[in-house]
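Counting begins at 1 with the first residue of the sequence. When reading the values below, keep in mind they use all heavy atoms of this one structure, side chains included, and skip hydrogens, waters and symmetry mates.
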Amino acid sequence: MSEATAVHSSAAAAAESAPDDVIAEILLRLPPHPSFLSRASLVCNRWRRLARDPGFLRRLRAFHRTPPVLGFFHNSPDLPRFVPAEGVPGRVAAEAASLRRDGDDGMWWFVDCRHGRALLRSRDWAELLVWDPMTGERRCITVSSQIQEGALDLNAAVFCAASGGGDQDCHSSPFHVVVVFTTGQCHGRVFACVYSSGIDAWGDPISTPVTSPCELYEEPLFLLGKLCIGFLMGAVYLSSNSATNVYV
């Protein structure tokens with residue numbers, strides 16, 4: 001046996017004999033990009049089990065605090081829709097490239113991302129796709145007919161249903177999608193409707209009067225506490241996460 005082979009065998013035996021909590025501490029200190037943890041999980045079944053444990057993943061997020069930037073989406077038909085932050089495309093980039101749909105141009109258009117999930121839409125807003133790049137989970141949602149019929153301008157956001165959002169394990173928690181829209185005639189009102197993954201259903205639309213022109217800006221909404229905030233022409237609107245209220 002060569003010296004290099006002997007050293008490798010000794011190191012492998014030491015890693016195999018180390019207690020689970022020691023291995024977990026080693027995995028915890030890997031760089032936060034998911035590709036590092038994915039590669040480590042290929043070492044053996046034991047490491048894979050530890051790396052996928054929900055308790056360990058919560059510790060990992062708490063340890064690194066700021067989630068890593070995986071990449072960015074852009075809505076261009078001529079270029080890749082997802083550009084990875086890492087130099088060499090990894091699993092997440094490959095998964096993003098496989099996000100295709102039937103009909104139209106086969107493309108999903110990016111709308112929003114929050115709490116570890118990305119929200120995409122079909123060109124005609126008939127379907128939404130919620131994608132978790134870490135777990136690979138996908139949920140295709142048919143947009144409520146009450147939204148599709150007569151909606152002119154639309155915007156949407158996805159967020160974790162668990163209280164506290166980013167402080168919870170949102171990858172295993174239900175999520176909400178809020179859609180804000182105006183109708184063709186507007187009638188001086190802006191509408192909001194929420195989808196809940198927990199019951200796989202849309203709630204009833206609610207609305208509020210507006211005094212400004214009903215033109216929504218299709219810019220990503222942002223979350224402040226339990227309010228989704230976006231912009232109308234000449235006004236700011238706020239919709240609660242549960243879509244029980246909408247304000248302008």
Side-chain angles (χ1 to χ4, degrees), residues 73 75 101 104 108-132 137-168 170-248:
F73 281 94
N75 291 329
R101 66 182 299 272
D104 291 345
W108 289 104
W109 296 79
F110 176 77
V111 180
D112 184 47
C113 62
R114 187 176 291 102
H115 298 155
R117 292 184 173 99
L119 176 66
L120 301 101
R121 66 169 176 87
S122 60
R123 183 188 291 272
D124 59 3
W125 281 91
E127 293 181 308
L128 299 172
L129 178 70
V130 176
W131 172 52
D132 186 331
E137 179 187 2
R138 306 180 188 185
R139 175 76 67 94
C140 189
I141 305 165
T142 300
V143 174
S144 168
S145 59
Q146 297 180 81
I147 299 175
Q148 293 190 55
E149 294 171 1
L152 180 62
D153 293 325
L154 303 98
N155 205 349
V158 60
F159 50 88
C160 182
S163 176
D167 296 330
Q168 304 292 327
C170 286
H171 294 284
S172 60
S173 297
F175 62 85
H176 295 321
V177 174
V178 59
V179 175
V180 181
F181 62 100
T182 62
T183 62
Q185 300 300 319
C186 185
H187 302 302
R189 306 191 73 84
V190 62
F191 299 81
C193 191
V194 168
Y195 168 85
S196 173
S197 69
I199 59 174
D200 190 23
W202 290 90
D204 294 325
I206 60 170
S207 66
T208 192
V210 294
T211 57
S212 60
C214 293
E215 182 177 344
L216 284 175
Y217 290 105
E218 196 173 336
E219 301 291 337
L221 305 180
F222 60 95
L223 204 62
L224 180 63
K226 294 186 177 181
L227 291 175
C228 287
I229 302 176
F231 298 94
L232 284 161
M233 179 180 288
V236 176
Y237 65 82
L238 303 92
S239 174
S240 67
N241 289 0
S242 58
T244 55
N245 294 287
V246 59
Y247 314 95
V248 175

### Message
Test of understanding: with side-chain contact (heavy atoms from CB on, under 4.5 Å), list the residues that count as partners of Ser197, not counting sequence neighbours.
### Response
Arg139, Pro174, Phe175, Tyr195
### Query
Tell me, do Asp153 and Val180 make a side-chain contact under 4.5 Å, heavy atoms counted?
no
#### Entry: Closest approach of Phe159 to Val178 (non-hydrogen atoms, all atoms of both residues)
CE2-CG1, 3.7 Å
### Message
Using 0.5 Å steps for rounding, measure from the OG atom of Ser122 to the CH2 atom of Trp109.
### Response
11.0 Å
#### Entry: Val158 backbone acceptor or donor facing Arg114 side chain under 3.5 Å
yes
### Summary
Rounded to the nearest 0.5 Å, the CG atom of Asp204 sits from the SG atom of Cys193 at a distance of 7.0 Å
### Query
Hey, mind stepping through Ile141 and Trp202 against side-chain contact (heavy atoms from CB on, under 4.5 Å) and telling me if it holds?
CA-CA 10 Å; Ile141 305 165; Trp202 290 90; 3.8 Å; yes
### Message
For Ala192 versus Phe181, what's the shortest heavy-atom pair and its separation?
### Response
N-CE2, 4.3 Å
#### Entry: Which atom of Ala156 lies closest to which atom of Val179, heavy atoms considered
CB-CG2, 4.0 Å
## Note on the structure
Between the OG1 atom in Thr182 and the CZ atom in Phe191, the distance rounded to the nearest 0.5 Å is 8.5 Å
### Query
Side chain of Arg123, backbone of Trp125: donor and acceptor closer than 3.5 Å?
no
### Task
Might you work through the side-chain contact (heavy atoms from CB on, under 4.5 Å) test for Ile147 and Leu154, ending with a clear yes or no?
CA-CA 9 Å; Ile147 299 175; Leu154 303 98; 3.6 Å; yes
### Glu127 (side chain) donor-acceptor with Cys140 (main chain) under 3.5 angstrom
no
### Point-to-point distance, once rounded to the nearest 0.5 Å, from CD of Glu137 to CH2 of Trp131
12.5 Å
### Task
For Ser196, check side-chain contact (heavy atoms from CB on, under 4.5 Å) against everything at least two apart and list the hits.
His176, Ile199
### Task
To the nearest 0.5 Å, tell me how far Gln148 CD sits from Thr142 OG1.
8.0 Å
